[in-house]
S.K.: 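Okay, handing you the structure first.
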Amino acid sequence: SSGINAEYGVQKKFVLDCTHPAEDKILDPSDLATYLNEKIKVAGKTGNLGTNVIIQKEGFKVNVLSDIPFSKRYLKYLTKKYLKKQNLRDWLRVVASSPSTYELRYFQINQDDDDAED
């Protein structure tokens with residue numbers, strides 16, 4: 001991996017796809033967007049997004065645009081914290097559906113295509 005400097009100036013876009021729970025009115029994507037807005041830390045501080053990190057709600061999806069080094073895993077961590085806070089952690093899981101997208105899916109009993117990264 002090249003040094004962190006290579007990451008600057010590149011805008012990364014991550015998507016949190018809440019379609020399943022949002023359609024069932026279990027989760028409100030705009031509430032998740034607000035939560036991320038409050039919780040994402042930039043340079044170790046919350047409420048410090050400035051113009052570096054932009055959070056947009058788009059339908060049932062929440063987009064996170066960042067032009068500073070930003071970890072997708074951190075987004076997963078925060079999403080799980082949000083689910084825990086909403087007491088949804090037993091019903092929903094955060095699954096990587098593509099390199100830049102996480103999808104909130106229901107747990108299914110006897111799931112075959114479980115992703116190894118949990």
Side-chain angles (χ1 to χ4, degrees):
S1 66
S2 50
I4 216 163
N5 294 341
E7 306 236 308
Y8 276 97
V10 179
Q11 197 179 55
K12 287 204 228 166
K13 176 177 174 182
F14 299 110
V15 179
L16 289 165
D17 186 345
C18 316
T19 306
H20 298 301
E23 280 179 339
D24 294 338
K25 309 253 187 306
I26 285 181
L27 181 146
D28 180 0
S30 54
D31 192 44
L32 173 59
T34 307
Y35 178 84
L36 291 173
N37 239 324
E38 291 165 2
K39 296 290 182 198
I40 287 176
K41 290 185 177 180
V42 175
K45 293 197 286 287
T46 55
N48 192 26
L49 299 184
T51 52
N52 296 322
V53 180
I54 298 163
I55 297 167
Q56 304 166 326
K57 181 182 156 304
E58 184 188 300
F60 291 143
K61 298 187 167 119
V62 177
N63 299 332
V64 180
L65 307 169
S66 171
D67 54 15
I68 53 173
F70 193 88
S71 144
K72 183 182 173 200
R73 195 130 182 99
Y74 180 48
L75 218 48
K76 180 174 191 173
Y77 161 77
L78 287 170
T79 307
K80 283 175 152 179
K81 268 181 80 124
Y82 172 78
L83 292 175
K84 182 84 182 129
K85 183 170 160 266
Q86 304 290 330
N87 296 320
L88 295 172
R89 200 70 178 74
D90 293 340
W91 307 108
L92 292 170
R93 55 205 295 264
V94 187
V95 182
S97 54
S98 85
S100 64
T101 306
Y102 278 126
E103 201 180 315
L104 296 182
R105 288 198 196 146
Y106 292 108
F107 281 109
Q108 279 153 359
I109 315 304
N110 305 331
Q111 196 161 1
D112 304 327
D113 58 351
D114 203 327
D115 66 320
E117 181 221 350
D118 210 331

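The analysis underlying the following values was restricted to heavy atoms, covering all of them including side chains, and did not include hydrogens, waters or symmetry mates. Note that the structure is predicted; figures quoted are calculated from it, not measured.
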S.K.: Hey, any chance L83 and L32 share a hydrophobic cluster, counting ILVMFWY side chains that come within less than 4.5 Å of each other, even indirectly?
M.R.: yes

S.K.: Is the backbone of S30 close enough, under 3.5 Å, to the side chain of Y35 for a donor and an acceptor to pair up by distance?
M.R.: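 Checking the backbone N and O of S30 against the side chain of Y35, no donor-acceptor pair under 3.5 Å is found.
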
S.K.: Can you confirm whether Y74 is buried at OH, in the sense that more than 12 heavy atoms of other residues, nucleotides or ligands lie under 6.0 Å from that atom?
M.R.: yes

S.K.: Decide whether I68 and L49 are clustered together by the hydrophobic rule: side chain heavy atoms of Ile, Leu, Val, Met, Phe, Trp, Tyr closer than 4.5 Å, transitively.
M.R.: yes

S.K.: Is it the case that K39 places NZ or CZ above or below the six-membered ring of Y82, under 6.0 angstrom from the centre and within 45 degrees of the axis?
M.R.: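 No, K39 and Y82 do not form such a contact.
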
S.K.: Check for a donor-acceptor pair, side chain of K12 on one end and backbone N or O of F70 on the other, with a separation under 3.5 Å.
M.R.: yes

S.K.: Applying a strict under-4.5 Å side-chain criterion to I, L, V, M, F, W and Y, I'd like to know whether F60 and F14 cluster together.
M.R.: no

S.K.: Please say yes or no: joined through hydrophobic side-chain contacts below 4.5 Å, possibly via intermediate residues, are I26 and L16 part of one cluster?
M.R.: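 Yes: a chain of side-chain contacts under 4.5 Å links I26 to L16.
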
S.K.: Looking just at side-chain N and O atoms, do N63 and E58 make a donor-acceptor pair shorter than 3.5 Å?
M.R.: yes

S.K.: Please report the interatomic distance SG(C18) to CG(D24), rounded to the nearest 0.5 Å.
M.R.: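 It comes to 12.5 Å.
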
S.K.: Going only through I, L, V, M, F, W and Y residues with side-chain contacts under 4.5 Å, is there a path from L78 to L92?
M.R.: yes

S.K.: Inspect the surroundings of NZ in K57 and state if more than 12 heavy atoms from other residues, nucleotides or ligands are less than 6.0 Å away.
M.R.: yes

S.K.: Taking N48 for its side chain and V42 for its backbone only, find out whether a donor-acceptor pair lies under 3.5 Å.
M.R.: yes

